Amino acid sequence: MKRQTRLVEVRTRILKENDVTARRLRQRFQDDKVFVVSLVSSPGSGKTMFLEKTLERLREGGWRVAALVGDLATENDAARLGRARVPVRQITTGTVCHLEATMVETALEGWSIPDLDFLFIENVGNLVCPATYDLGEDLRLVLFSTTEGEDKPLKYPTIFNTADLAVITKMDLATAVEFDAEAARKNIGEVRPGMEILEVSAKSGAMMDAWLDSLRQRKHDREEDRSTPKGANSSELADPLGRPAG
Amino acid sequence: MHELSIALSILDIANEQLHDHGDAEVLAIHLKLGRMSGVVKEALVSAFELAREGTKLEQAQLVIEDIPVMLHCRTCQCERPAESMQSLRCAVCGGLSAEITRGHELEVFAMELEPMEATP
């Protein structure tokens, strides 16, 4: 008997499971009225310092904040962030180079999310793999420091493209390392046209007010957005990556 | 290197399909892979070869359709290719566009199956 080859249509997104979990998380965050921010960057960009200052300032301002921190092997970052005196949980990923939505869901077990205003998720230091995984966040920050050079966005266009806000860190070192801020802005504008860019120094505090204002405004806008009635099942129709169009 | 976990997900999807389509040998798995998906084609192929070893999908070939980045250009009012990953500009008029219409794909879209010969 002659064997016959059949072509079967499949049409399944490879990360379907992650996307389903991320959508569930996003719905939960929305129901619980917590604004969720994720941070991606390469190792050593000053992400933890930036987050530590952000948590501290928000807490002092009376906001209820918490953080999840992804790290390959150590718990050093969680210990550092603990200095901001807010709840911090570490997700040790072992050999996995990025966070996935299920890791976030598991790490949140036992936490009372409705008691929070802001939740921060610090991804593993890596500008490649985290790009592919939606974590259910409202806002994704991509950070890079003045010491890394202006062409970082051109080297890692995909991750810059998945982000909603770019933060250039260590601006206190800009002069010493001859950082060309204008070139950096232009490069970001080429790979993610129209994205908001902030040049900060967590150390000196420069532009941290602008960042916190932008953050509060975004939380406010998101809540206004959500209180506007939408068609039934509107969440079903949303972009699976949950990003605003344009 | 998240390509290995992507390769394992591809095998899971293929196994689910096999379950639905009865006993068959998988000759090929066809993917659509966008250049903006964050997955490197060469790394995925190597990871897949490693992942399929010793499974019933050992003979399956990965056939990858490379999807370039396409934008909606507001000036031209249609879909156009992007100049490059480093420059999301319309390849025709040079205008910037943040509206990516294609290039994020990461999808198994078909499989080639060969039914097993019935044992006498």
Side-chain angles (χ1 to χ4, degrees), chain A residues 1-19 40 93 95-100 102-103 124 126-134 151-164 186-195 239-241 243-246, chain B residues 1-10 12-14 16-18 20-21 24-40 43-44 69 71-72 74 83-89 95-100 103-118:
Chain A
M1 191 173 65
K2 193 178 179 303
R3 295 200 293 178
Q4 215 163 19
T5 307
R6 277 196 302 156
L7 191 68
V8 179
E9 195 179 2
V10 183
R11 303 195 67 88
T12 303
R13 278 177 296 125
I14 294 169
L15 292 176
K16 184 183 61 180
E17 260 178 69
N18 188 77
D19 290 345
V40 291
T93 58
T95 56
V96 182
C97 52
H98 59 270
L99 292 180
E100 295 187 15
T102 48
M103 297 178 188
V124 179
N126 179 344
L127 280 178
V128 182
C129 313
T132 316
Y133 299 87
D134 183 9
D151 58 351
K152 209 88 200 210
L154 303 181
K155 288 181 179 167
Y156 300 94
T158 302
I159 195 112
F160 277 82
N161 196 270
T162 66
D164 307 294
K186 184 178 173 294
N187 290 341
I188 294 168
E190 291 287 319
V191 298
R192 178 70 159 133
M195 177 157 63
D239 167 12
L241 294 171
R243 279 163 214 138
Chain B
M1 261 300 288
H2 59 310
E3 278 78 5
L4 187 58
S5 89
I6 302 281
L8 292 170
S9 300
I10 294 171
D12 286 345
I13 292 170
E16 266 175 44
Q17 290 292 325
L18 263 186
D20 295 347
H21 287 93
E25 189 180 353
V26 179
L27 300 182
I29 302 171
H30 293 252
L31 303 187
K32 284 188 198 286
L33 188 62
R35 296 217 186 122
M36 217 30 128
S37 65
V39 173
V40 181
L44 179 60
V69 179
L71 308 168
H72 175 75
R74 291 196 178 182
E83 274 183 11
S84 71
M85 296 272 289
Q86 282 71 32
S87 187
L88 293 187
R89 291 177 179 274
L96 279 168
S97 171
E99 295 166 63
I100 297 179
H104 282 130
E105 294 80 358
L106 188 52
E107 179 190 313
V108 175
F109 79 93
M111 279 167 54
E112 281 173 50
L113 302 179
E114 195 170 68
M116 295 283 197
E117 270 176 283

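Both backbone and side-chain heavy atoms feed into the values below; hydrogens, waters and symmetry mates do not. Letters A, B, ... mirror the listed sequences (proteins, then strands); counts begin at 1. As the structure is a computational prediction, the values presented were derived from the model and not from experiment.
- Of the inter-residue distances, the one linking B/H104 atom NE2 with A/N161 atom CG reads 5.0 Å to the nearest 0.5 angstrom.
- Taking CG from B/L106 and OG1 from A/T132, the interatomic distance works out to 7.0 Å, rounded to the nearest 0.5 Å.
- For a residue to count as touching a neighbouring chain, one of its non-hydrogen atoms must lie under 4.5 Å from one of that chain's; by this rule B/S87 touches chain A with backbone and side chain alike.
- Only the side chain of B/Q17 comes within contact range of chain A, with heavy atoms under 4.5 Å apart.
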Review point. Would A/E190 and B/L96 satisfy side chain to side chain contact (heavy atoms under 4.5 Å, CB included), going step by step from the backbone distance to the final call?
Key: CA-CA 7 Å; A/E190 291 287 319; B/L96 279 168; 4.3 Å; yes
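- The CE atom of B/M111 lies 12.5 Å from the OG1 atom of A/T5; values are rounded to the nearest 0.5 Å.
- Smallest separation of non-hydrogen atoms from A/T158 and B/R35: OG1-O, 4.2 Å.
- Options B/M36, B/H72, B/E105 differ in how many heavy-atom pairs under 4.5 Å they form with chain A, and the most are formed by B/M36.
- Interatomic distance, CG of A/L15 versus NE2 of B/H2, reported as 7.5 Å (0.5 Å rounding).
- Heavy-atom pairs under 4.5 Å with chain A peak, among B/A14, B/G103, B/S97, at B/S97.
- Only the side chain of B/I13 comes within less than 4.5 Å of a heavy atom in chain A; its backbone stays farther off.
- With A/V10 as the fixed residue, the side chain to side chain contact (heavy atoms under 4.5 Å, CB included) test singles out one of B/I29, B/V108, B/L31: B/V108.
- In this structure, no portion of A/E17 lies under 4.5 Å from any heavy atom of chain B.
- One finds the CD atom of B/E114 at 11.0 Å from the CZ atom of A/R6 (value rounded to the nearest 0.5 Å).
- Heavy atoms only, all atoms of each residue included: B/A110 and A/L7 are closest at CB-CD1, 4.2 Å.
- Distance check, rounded to the nearest 0.5 Å: NE2 of B/H30 to CZ of A/R11 gives 13.5 Å.
- Remark: B/S9 engages A/I14 in a side-chain contact (heavy atoms from CB on, under 4.5 Å) (not counting sequence neighbours).
- Closest approach of A/V191 to B/Q86, counting heavy atoms only: CG1-O, 3.7 Å.
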